[in-house]
Amino acid sequence: MAKSILVTGGAGYIGSHAVLQLLQGGFRTVVVDNLDNSSEVAINRVVELAGEFGKNLTFHKIDLRNKDALDKIFASTNFDAVIHFAGLKAVGESVQKPLLYYDNNIIGTITLLEIMAAHGCKKLVFSSSATVYGWPKEVPCTEEFPLFAMNPYGQTKLIIEDICRDIYRSDSDWKIILLRYFNPVGAHPSGDIGEDPRGIPNNLMPFVQQVAVGRRSALTVYGNDYSTKDGTGVRDYIHVVDLADGHIAALQKLFESNIGCEVYNLGTGKGTSVLEMVAAFEKASGKKIPLVMAGRRPGDAEIVYASTAKAEKELNWRAKYGIDEMCRDQWNWASKNPYGYASPDSTN
Ligand code: NAD
Ligand code: UFG
């Protein structure tokens, strides 16, 4: 019998790529998403890309905090596990609207965990973030590093990680994997699904992509006086397809071992500067990205990259793609869909 997986936030950037890989891996997949930061078009494209497996996807447009609706979904299917992507993720917005972030991310997760427990589904993969390392004193970041939230968004990730550890302590039937993502970029090689942020992008690569297609005039580089190779910030960019693969590896671990509650970094272990990333994108796209140098963005760390040893050893997973493939696939998505899933006149 094919296993059934509930995916919250499965219409979003990372979720849509993971859902496609789940379908291709033979899983039945039920997506719950309120489409707050995504489009149903992404779901339709995933169904098309999955071909004969597309029929194994069911989509429910509901908010995770709607306990009755969630309960009905669990009553109609016996889920083998849940992958929980749903959440708000804009750092700046979380500083402006902390209650929105605590309500959506924390209450949404508690509601999910309550319903899972009530239906005896106790296997979970959760989307945590490298943001929990704050401004790391050294690199690479290992899973044992001290944790620190720089903003309400990061705080929600820390709180949810703690909730998961407490739940496992209270009931050892739970099996939980917390995945700390570094910087997901790129798109599915088909160019049919990818990242489509609402409004002005906060993150580097969606901004670069919008400059390349002519939607924005120049990239503002936040700081060129860091102690790094070229003065710009260094991050661990990971291809979203590799990241999605990491979730399949985590599921296998949940099904095949007595894992308890464990945390794994998902990154490449390599640091790349802003200017290196821009150069790689220019090469992949053939487009010049005009730059405007500016001061440091408040709260930004200097250098962040992952230690990948634990995920390699215990999940038997490692990233396959480098920044050239990330930029190639991101440009393919951008050039095929310059306005993402929307039409040009419905975006800003
Ligand atoms: P995304 O915004 O594209 O996807 C999140 C999805 O969750 C969206 O489709 C949104 O509509 C949905 N959602 C939000 N709140 C919901 C709710 N209450 N009920 C139902 N659906 C809801 O973001 P993403 O980049 O795909 O990120 C997925 C997860 O990974 C998030 O939890 C995010 O915090 C985490 N993460 C992302 C990054 C990154 O840089 N993209 C890095 C680290 C961690
Ligand atoms: N940057 C610019 N210009 C921009 C945007 C970013 O120069 O317009 C620089 C930043 O200063 C940083 C680098 O590009 O040096 C990467 O910035 P991102 O905003 O793309 O990524 P961050 O590492 O700052 O943060 C992101 C998410 C966090 C998450 C973290 C790790 O926003 O929520 O990745 O997963 F926690």
Side-chain angles (χ1 to χ4, degrees), residues 7-18 31-40 42-43 60-66 69-70 83-92 94 100-101 103-105 107-109 111-112 126-134 141 149-151 153-154 156-157 160 179-185 194-198 200-208 210-211 216 218-224 226 228 232-238 240 243-244 265-267 272-275 277-278 291-306:
V7 181
T8 76
Y13 171 44
I14 304 169
S16 55
H17 289 81
V31 171
V32 166
D33 198 303
N34 63 6
L35 301 182
D36 250 23
N37 194 39
S38 51
S39 161
E40 197 166 345
I43 295 286
H60 298 278
K61 181 180 183 299
I62 64 160
D63 192 294
L64 217 50
R65 292 161 294 181
N66 183 343
L70 203 57
I83 307 183
H84 178 30
F85 293 103
L88 297 174
K89 62 163 186 178
V91 170
S94 82
L100 173 69
Y101 273 65
D103 182 23
N104 192 81
N105 294 4
I107 305 297
T109 302
T111 309
L112 173 69
F126 171 65
S127 305
S128 188
S129 166
T131 195
V132 299
Y133 296 120
C141 301
M150 312 274 281
N151 47 62
Y153 165 70
T156 68
K157 293 297 179 196
I160 295 169
L179 296 176
R180 292 183 184 148
Y181 312 154
F182 282 68
N183 292 59
V185 298
E195 185 166 17
D196 180 23
R198 300 244 158 112
I200 302 170
N202 301 299
N203 299 116
L204 177 66
M205 293 314 282
F207 202 103
V208 167
Q210 292 195 3
V211 174
R216 319 236 167 238
L219 170 75
T220 304
V221 176
Y222 296 131
N224 58 358
Y226 287 111
T228 59
T232 64
V234 166
R235 295 291 184 274
D236 186 340
Y237 298 93
I238 173 168
V240 66
L243 193 67
N265 288 336
L266 294 185
T272 304
S273 75
V274 173
L275 296 184
M277 212 53 193
V278 168
L291 302 179
V292 174
M293 294 300 169
R296 297 179 178 195
R297 189 170 62 174
D300 265 1
E302 187 166 65
I303 305 181
V304 185
Y305 59 90

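Atoms within each ligand, like the ligands themselves, are counted from 1 in listed order. These numbers were taken from a predicted model, which means no experiment stands behind them.
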Sorted by chain and residue number, the salt bridge (charged side-chain N to carboxylate O under 4.0 Å, His left out) partners of Asp36 (sequence neighbours excluded) come out as none
Going by the 4.0 angstrom heavy-atom rule, the piece of Glu195 near ligand 1 is neither
Sequence neighbours excluded, the answer for ring pair (Phe, Tyr, Trp, His ring centres under 6.0 Å) partners of Tyr13 is His17
Just checking, any donor-acceptor pair under 3.5 angstrom between side chains of Ser39 and Asp196?
no
Within 4.0 Å of some non-hydrogen atom of Leu35, the atoms of ligand 1 are 11 (O)
Original post:
Where does the angle between the aromatic ring planes of Tyr101 and Tyr153 fall among parallel (under 30°), tilted (30 to 60°) and perpendicular (over 60°)?
Top reply: perpendicular
(Q) Pairs of nitrogen or oxygen atoms closer than 3.5 Å, one from Leu88 and one from ligand 1: do any exist? (A) no
Check your understanding: Do ligand 1 and Phe85 have nitrogen or oxygen atoms that lie under 3.5 Å from each other?
Key -> yes
Check your understanding: Are Gly108 and ligand 1 in contact, using a heavy-atom cut-off of under 4.0 Å?
Key -> no
Honestly, for Thr8 the part within reach of ligand 1 (heavy atoms, under 4.0 Å) is neither
Checking heavy atoms under 4.0 Å, the part of Ala130 that sits near ligand 1 is neither
Asn37 heavy atoms within 4.0 Å reach ligand 1 at atoms 1 (P), 2 (O), 10 (C), 11 (O)
Note: ligand 1 atoms sitting under 4.0 Å from heavy atoms of Ser129 are 43 (C), 44 (C)
Salt bridge (charged side-chain N to carboxylate O under 4.0 Å, His left out) filter on Lys157, not counting sequence neighbours, yields none
The answer, listing residues by chain and number that come under 4.0 Å of ligand 2 through any heavy atom, is Val91, Ser129, Ala130, Thr131, Tyr153, Tyr181, Phe182, Asn183, Asn202, Asn203, Leu204, Leu219, Thr220, Val221, Tyr222, Gly233, Arg235, Tyr237, Val274, Arg297, Asp300
| said: Quick check on Asp196 - does any of its heavy atoms sit under 4.0 Å from an atom of ligand 1? | reply: no
